[in-house]
Amino acid sequence: MQLYVCVKHVPDTAASIKIVGENGFDDSSGKFIVNPYDEYAVEQAVQLVEKNGGEVVIVTVGKAAAVASIRAAMAMGAHRGILVTVESQFLDSQTTARALKAAIEQDGKPDIILGGKGAVDSEGFQTLYRLAGGMNLPVVSEINEMELGDGKAIVGHEIGGGAREVLEVSLPCVLGTTKGLNEPRYPKFPDIMKAKKKPINEVAIADLGVSVDNAQSELIKLEKVPERSGAKMLDGDVRQAVEALVRILKEEEKVI
Amino acid sequence: MANIGIVIETEDGTVKDTNFGVLTAARGQGDGTIIALMLDGSADSAKEILGKYGTHKVVQISVEGADLSARPDLKARALAAAIGNYSLDALLGLASAQGRDLFARLAASMDLPLALDCLAVDIARQSVKKSHFSGKTTATVKMSGSVMLCAIRPNAIEAVEASVEVSVESFSPSVQDPGLVRVVEVNKEASDKVDLTEAAVIVAGGRPIASADNYAILDDCAKLLGGTISASRAAVDAGFAPHSIQVGQTGKTVSPRLYICCGLSGSVQHFAGMKTSKVIVAINTDKDAPIFEKCDYGIIGDLFEVVPVLTEVLKEKL
Ligand SMILES: Cc1cc2nc3c(=O)[nH]c(=O)nc-3n(C[C@H](O)[C@H](O)[C@H](O)COP(=O)(O)OP(=O)(O)OC[C@H]3O[C@@H](n4cnc5c(N)ncnc54)[C@H](O)[C@@H]3O)c2cc1C
Ligand SMILES: Nc1ncnc2c1ncn2[C@@H]1O[C@H](COP(=O)(O)O)[C@@H](O)[C@H]1O
């Protein structure tokens with residue numbers, strides 16, 4: 001099987017974000033990681049190839065430093081990588097999808113393209129739909145259950161209120177993964193060493209014929225979410241504290 | 001004057017309450033025409049309540065001979081046809097699991113800009129506010145396209161009534177399913193549970209809850225408030241709760257009016273999923289627990305003592 005996994009290189013979610021200027025952030029100091037949802041996609045692809053044979057190729061659109069996330073995915077078992085280099089962390093999702101499409105089509109014929117349900121930096125939740133749309137392939141996202149059938153995939157996901165939906169798609173297809181699909185492996189030291197020797201092909205986005213101009217959505221401002229300044233503590237015995245709380249929630253906050 | 005479409009979501013045939021915040025947001029955009037689009041449920045029975053929240057026209061969308069609920073791409077195409085037919089300038093909806101999927105399919109098929117999980121929308125300026133970096137920052141995103149697509153985080157915008165005259169019509173575009181994706185099965189858990197991401201009140205239990213059965217204590221309290229329960233990752237990893245009710249960075253994002261934390265330390269990762277709640281209350285045995293630094297009201301005490309008293313007082317006072 002020929003599997004492609006779209007992996008984004010993102011700031012560690014535990015790190016604090018330092019805003020620079022109106023719409024930038026300091027990406028020179030903090031730690032970056034493989035987008036957490038994309039780890040489920042890498043794990044799934046590696047397991048599929050372990051079972052059925054074939055190759056896993058990581059595709060990343062990012063700055064030069066994003067190569068670290070490709071290596072991390074290779075340590076989990078991916079075979080090759082493609083880095084489409086850009087100048088900005090936040091391309092709009094149409095442009096990213098066009099770059100992913102061009103990189104994949106230039107490289108080979110996918111059986112399945114996997115990615116995460118969303119990137120934890122821009123929280124876009126749409127790139128894979130646009131990639132599938134551009135390639136005229138079926139897409140299902142937020143999957144936490146997957147089985148391969150004859151020329152098709154059966155996938156499951158939540159649709160809210162505790163309900164689940166099972167869908168059938170023909171291959172090739174695009175799938176967005178989320179927690180519950182598998183347990184991403186922790187690479188061992190020898191795997192990390194082996195990953196260093198695996199090939200990564202770097203190509204500038206312009207050389208794929210994709211323009212970064214005319215973005216349909218543009219980040220114009222970033223602001224820190226103000227933290228609450230500390231709780232009003234309700235004292236007294238349990239009964240008194242609870243009665244005070246209920247009164248406040250009802251009469252002052254009007255939320256119950 | 002703008003034409004603003006709203007995708008209405010129903011549950012068992014009734015219009016979900018969370019739609020009203022979306023309608024309120026649409027109304028706040030000047031004197032546009034508000035057109036509610038219904039892909040399921042019945043426009044005739046929804047008419048009255050939708051009119052109460054400022055809807056001018058309710059459109060029942062159907063495709064002859066097709067079950068839209070089993071064909072996600074066909075649903076998106078029917079909606080695309082409606083955008084053209086009603087010359088919409090913007091289409092708003094809910095960022096629920098189904099809403100996110102539908103809007104993403106629509107945006108991809110029409111190559112239009114889309115913002116999901118918006119906290120605020122400004123159609124005249126074509127801009128939205130939404131979370132970036134797992135809730136740590138708010139981004140203002142400018143969109144440029146012939147139609148702007150926005151799905152709004154449930155409960156992010158408070159619903160306000162404003163009755164208008166409302167008419168009903170139906171629209172049956174002739175669109176075809178590309179035949180790529182098919183729903184083969186839907187499993188509705190037999191439960192009376194309120195959907196977590198849309199609940200107006202959530203009572204959360206952390207690691208000290210100590211067993212799955214103990215969530216009943218929180219559930220009793222949540223039910224009285226018309227809400228539901230959630231869990232921290234520590235509680236999910238310990239096997240006390242299913243992952244489907246985990247809130248946080250690797251779980252669900254919620255924005256209820258009231259979020260009550262019972263035995264949660266206040267981790268950044270949990271707050272990533274619930275910090276836009278209107279009021280946050282914490283119950284914790286440790287007076288120095290970090291959660292008291294970032295919530296609105298706090299009670300120092302054992303959740304196993306405090307929550308049953310809360311339930312009792314609510315029974316008396318509600
Ligand atoms: C990459 C990553 C992603 C993560 N994603 C998530 C996520 O999505 N959601 C999430 O929740 N966490 C997430 N976490 C985990 C997070 O860091 C915390 O470990 C977790 O949220 C802690 O859960 P807790 O507050 O229930 O438990 P604890 O941290 O153990 O806190 C328990 C609190 O309860 C108090 N307490 C003890 N007994 C009682 C009692 N009887 N009554 C009242 N109070 C009592 C204690 O004083 C303490 O403050 C993630 C972590 C990582 C690294
Ligand atoms: N720059 C990128 N490079 C590679 N994959 C990406 C990139 N941006 C998004 N993706 C993929 O698309 C998924 C959804 O991202 P988004 O729509 O940005 O939330 C991610 O989980 C990745 O799998």
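Atom set for the values below is all heavy atoms of this structure, side chains included, hydrogens, waters and symmetry mates excluded. Residue numbering restarts at 1 for every chain, and letters A, B, ... go by the order of the sequence lines.
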Let me have the donor-acceptor pairs involving side chains of residues 134-143 of chain A, under 3.5 Å, with sequence neighbours excluded, atom names and distances please.
{"residue": "E142(A)", "atom": "OE1", "partner": "R100(B)", "partner atom": "NH2", "Å": "3.0"}
{"residue": "E142(A)", "atom": "OE2", "partner": "R100(B)", "partner atom": "NE", "Å": "3.1"}
{"residue": "E142(A)", "atom": "OE2", "partner": "R100(B)", "partner atom": "NH2", "Å": "2.7"}

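With 3.5 Å as the limit, one finds a donor-acceptor pair spanning the side chains of T13(A) and Q249(B).
The aromatic rings of F90(A) and F133(B) sit perpendicular to each other, their planes meeting at more than 60°, with 30° as the lower class boundary.
The pair E218(A)-K142(B) does not meet the salt-bridge criterion, since no charged nitrogen lies less than 4.0 angstrom from a carboxylate oxygen. A salt bridge is defined here as a Lys NZ or Arg NE, NH1 or NH2 lying under 4.0 Å from an Asp or Glu carboxylate O, and E185(B) with R164(A) fails to meet this definition. Ion pair D296(B)/R228(A) flagged as a salt bridge, since at least one NZ, NE, NH1 or NH2 atom sits closer than 4.0 Å to an Asp/Glu carboxylate oxygen. With respect to E316(B) and R239(A), a salt bridge is recorded, a charged nitrogen being found less than 4.0 Å from a carboxylate O.
The greatest number of non-hydrogen atom pairs below 4.5 Å with chain A, out of I299(B), V306(B), L116(B), is found for I299(B). For chain B, the option among V169(A), I17(A), V238(A) with the highest count of heavy-atom pairs below 4.5 Å is I17(A).
With a 4.5 Å cut-off on non-hydrogen atoms, T197(B) does not touch chain A at all. Heavy atoms closer than 4.5 Å to chain A are found in the side chain of K129(B), but not in its backbone. Residue Q94(A) touches chain B through its side chain alone, counting heavy-atom pairs closer than 4.5 Å. Neither the backbone nor the side chain of L196(B) has a heavy atom closer than 4.5 Å to any heavy atom of chain A. Proximity to chain A involves both the backbone and the side chain of E305(B), based on heavy atoms less than 4.5 angstrom apart. Contact of V128(B) with chain A is not made at all, since no heavy-atom distance falls under 4.5 Å. Both the backbone and the side chain of E165(A) come within contact range of chain B, with heavy atoms under 4.5 Å apart. Heavy atoms of P72(B) lying under 4.5 Å from chain A belong exclusively to its side chain. With a 4.5 Å cut-off on non-hydrogen atoms, A97(B) touches chain A through its side chain but not through its backbone. Using a 4.5 Å cut-off between heavy atoms, A15(A) contacts chain B through its backbone alone, with no side-chain atom that close. If you measure heavy-atom distances from A119(A) to chain B, you find no contacts under 4.5 Å at all. At a 4.5 Å heavy-atom cutoff, S109(B) makes no contact with chain A through either its backbone or its side chain. Looking at D111(B), the atoms closer than 4.5 Å to chain A (heavy atoms on both sides) sit in the backbone and in the side chain alike. Within the 4.5 angstrom heavy-atom criterion, only side-chain atoms of E312(B), from C-beta onward, approach chain A. Looking at Q246(B), only its side chain comes within 4.5 Å of chain A, counting heavy atoms on both sides. Interface residue I19(A): only side-chain heavy atoms are found under 4.5 Å from chain B.
Listed for the K130(B) side chain is a donor-acceptor partner under 3.5 Å among the backbone atoms of E123(A).
Within residues 143-151 of chain B, the residues having any heavy atom closer than 4.5 Å to a heavy atom of chain A are M143(B), S144(B), listed by residue number. For residues 148-160 of chain A, a heavy-atom distance under 4.5 Å to chain B picks out E158(A), I159(A), G160(A), given by residue number. Taking non-hydrogen atoms and a 4.5 Å limit, the residue list of residues 27-42 of chain A in contact with chain B, ordered by number, reads Y37(A).
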